[in-house]
**Student:** 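Before I ask anything, here is the structure I am working with.
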Amino acid sequence: MSKSLKLILSTVGLFVLVIIGWQIVDETLNAQPLSKEQAMDKIQGQYHGTITDFVSMDDHYLATIELEKGLYEIAVLKDNGQIADMKRVEEGAEEDDNSPEPPRDEKTDSEKPITEEQAREAALKEVDGTVDDVDFETEDEVSFYLVEVEKEDESEATIQVHAITGEIMTVSWDD
């Protein structure tokens with residue numbers, strides 16, 4: 001290969017890298033903050049509840065969402081759409097009791113994830129069997145437990161339990 005061809009290819013390659021780098025920097029510097037609708041869609045997509053209140057703050061949105069397990073406040077950052085915080089502000093009603101419980105004053109209880117034992121109990125309510133394994137995981141800013149349950153017929157289910165609400169997210173069966 002001749003020197004002039006190598007020089008041309010090197011120049012074109014360098015030019016392409018500069019253009020790509022410029023695009024990345026430009027996208028980062030000119031990123032638009034998350035809109036109210038985008039934030040609401042993100043919350044609905046992850047938690048499937050009823051948004052009862054939605055407030056725009058300086059750097060985040062604060063949503064109140066009603067889920068089966070209670071009323072929660074969720075903070076979503078405007079700049080990148082990450083869920084920064086989720087707190088239970090009121091427990092939901094028990095299945096056999098239709099009256100809601102009064103809101104908790106201790107915020108520390110509502111910020112903590114459920115325990116591994118509570119995740120086991122929730123999974124066993126969904127699938128009857130013996131718990132083989134429990135793992136705590138986080139994916140796309142959502143924390144959950146994966147609970148493996150083996151039934152008497154030796155089929156095995158993996159139950160995904162939301163780490164804050166204790167709700168069953170998915171159940172998958174292994175062959």
**Student:** Might you point out which heavy atoms bring Val76 and Ala39 nearest each other, and give the distance in Å?
**Tutor:**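 Smallest interatomic distance, heavy atoms only, reads CG1-CB, 4.4 Å.
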
**Student:** Got Thr158 and Asp174 here, is their nearest side-chain heavy-atom distance under 4.5 Å?
**Tutor:**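 In short, these two side chains touch, coming nearer than 4.5 Å.
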
**Student:** Rounded to the nearest 0.5 Å, how far does CG of Leu77 lie from CE of Met57?
**Tutor:**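 So the gap between those two atoms works out to 12.5 Å.
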
**Student:** At what distance, to the nearest 0.5 angstrom, does CG of Leu146 lie from CD of Glu139?
**Tutor:**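 If we round to the nearest 0.5 Å, Leu146:CG and Glu139:CD are 9.0 Å apart.
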
**Student:** Quick one: salt bridge (Lys or Arg N to Asp or Glu O under 4.0 Å) pairs with a partner in residues 47-61, sequence neighbours left out?
**Tutor:**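 Output for this query is empty, none listed.
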
**Student:** Give a yes-or-no answer on whether the side chains of Thr138 and Ser143 include a donor-acceptor pair shorter than 3.5 Å.
**Tutor:**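 Indeed, the side chains of Thr138 and Ser143 share at least one donor-acceptor pair under 3.5 Å.
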
**Student:** Look up atom OG1 in Thr52 and atom CG in Leu71, then write down how far apart they are to the nearest 0.5 Å.
**Tutor:**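 That separation rounds to 5.0 Å.
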
**Student:** Where is the tightest heavy-atom contact between Thr165 and Arg88, given as atom of each residue plus distance?
**Tutor:**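 Result for this residue pair: O-NH2, 4.3 Å.
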
**Student:** To the nearest 0.5 angstrom, please state how far the NZ atom of Lys69 sits from the CD1 atom of Ile164.
**Tutor:**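 Lys69 atom NZ to Ile164 atom CD1 measures 13.0 Å (nearest 0.5 Å).
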
**Student:** Can you get from Leu124 to Ile114 by hopping between Ile, Leu, Val, Met, Phe, Trp and Tyr side chains that sit under 4.5 Å apart?
**Tutor:**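 Looking at the clustering, Ile114 is in the same group as Leu124.
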
**Student:** Checking the side chain of Gln38 only, and the main-chain atoms of Ser35 only, is there a donor and an acceptor separated by less than 3.5 Å?
**Tutor:**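 Checking the backbone N and O of Ser35 against the side chain of Gln38, a donor-acceptor pair under 3.5 Å is found.
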
**Student:** Please give me the minimum heavy-atom distance between Lys151 and Asp128, naming the atom from each residue.
**Tutor:**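 Shortest heavy-atom separation between Lys151 and Asp128 comes out as CG-O, 3.3 Å.
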
**Student:** Have Ser56 and Lys78 got a donor and an acceptor in their side chains that come within less than 3.5 Å?
**Tutor:**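 Lys78 and Ser56 do have a side-chain donor-acceptor pair below 3.5 Å.
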
**Student:** Run Asp132 and Glu156 through side-chain contact (heavy atoms from CB on, under 4.5 Å) and show every step you take.
**Tutor:** CA-CA 9 Å; Asp132 280 345; Glu156 187 172 80; 2.9 Å; yes

**Student:** Determine, using the 4.5 Å side-chain heavy-atom cutoff (strictly less than), whether Ile168 and Trp173 are members of one ILVMFWY cluster.
**Tutor:**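 Linked within one cluster.
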
**Student:** Would you please name every residue forming a side-chain hydrogen bond (donor to acceptor under 3.5 Å, both in side chains) with Lys42, sequence neighbours left out?
**Tutor:**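 Expected list: none.
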
**Student:** Nearest heavy-atom pair of Leu67 and Gly49: which atoms, and what distance?
**Tutor:**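 Answer, listing the atom of Leu67 first, then Gly49: CD2-CA, 3.6 Å.
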
**Student:** Starting from the C-alpha separation in whole Å, work towards a yes-or-no answer on side-chain contact (heavy atoms from CB on, under 4.5 Å) for Val149 and Ile159.
**Tutor:** CA-CA 8 Å; Val149 176; Ile159 299 98; 3.6 Å; yes

**Student:** Excluding sequence neighbours, so at least two apart, what forms salt bridge (Lys or Arg N to Asp or Glu O under 4.0 Å) with Glu121?
**Tutor:**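 With neighbours one apart ignored, the set is empty.
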
**Student:** Closest heavy-atom contact between Val134 and Glu116?
**Tutor:**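 Distance-wise, the nearest heavy atoms are CG1-CG, 3.4 Å.
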
**Student:** Would you list the pairs meeting ring pair (Phe, Tyr, Trp, His ring centres under 6.0 Å) in which at least one residue belongs to residues 114-138, sequence neighbours left out?
**Tutor:**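 As it turns out, the ring pair (Phe, Tyr, Trp, His ring centres under 6.0 Å) pairs with a partner in residues 114-138, which skip direct neighbours, are Phe136-Tyr145.
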
**Student:** What residues, two or more places apart in sequence or in another chain, satisfy ring-ring contact (aromatic ring centres under 6.0 Å, His included) together with Phe144?
**Tutor:**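 With sequence neighbours excluded, Phe144 shows a ring-ring contact (aromatic ring centres under 6.0 Å, His included) to no residue whatsoever.
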
**Student:** Closest heavy-atom contact between Ala157 and Val171?
**Tutor:**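 Looking at all heavy atoms of both residues, the shortest contact is CB-CG1, 4.3 Å.
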
**Student:** Would a distance-only check, ignoring hydrogens and angles, find a side-chain to backbone donor-acceptor pair under 3.5 Å from Asp140 to Val142?
**Tutor:**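 No.
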
**Student:** With clusters defined by side-chain heavy atoms of hydrophobic residues (ILVMFWY) lying less than 4.5 Å apart, directly or transitively, does Phe54 cluster with Tyr72?
**Tutor:**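 In one cluster: yes.
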
**Student:** Given 3.5 Å as the limit, does a donor-acceptor pair link the side chain of Glu126 with the main chain of Ala123, or not?
**Tutor:**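 Not at all, since once roles are kept as given, no pair shorter than 3.5 Å links the two residues.
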
**Student:** If you apply the rule side-chain contact (heavy atoms from CB on, under 4.5 Å), what do you find for Val161 with Glu167, and how did you get there?
**Tutor:** CA-CA 6 Å; Val161 182; Glu167 292 179 346; over 6 Å; no

**Student:** Could you give the distance from OG1 (Thr11) to NZ (Lys6), rounded to the nearest 0.5 Å?
**Tutor:**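 Nearest 0.5 Å value for the OG1-NZ distance: 13.5 Å.
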
**Student:** For the CD atom of Glu73 and the CG atom of Asp85, what is their distance to the nearest 0.5 Å?
**Tutor:**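 These two atoms lie 8.5 Å from each other.
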
**Student:** Does His162 have any ring-ring contact (aromatic ring centres under 6.0 Å, His included) partners at least two apart in sequence or in another chain, and if so, which?
**Tutor:**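 Expected list: Tyr47.
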
**Student:** The test is side-chain contact (heavy atoms from CB on, under 4.5 Å); show your working for Ile43 and Ile65 and say whether it passes.
**Tutor:** CA-CA 9 Å; Ile43 293 168; Ile65 186 168; 3.7 Å; yes

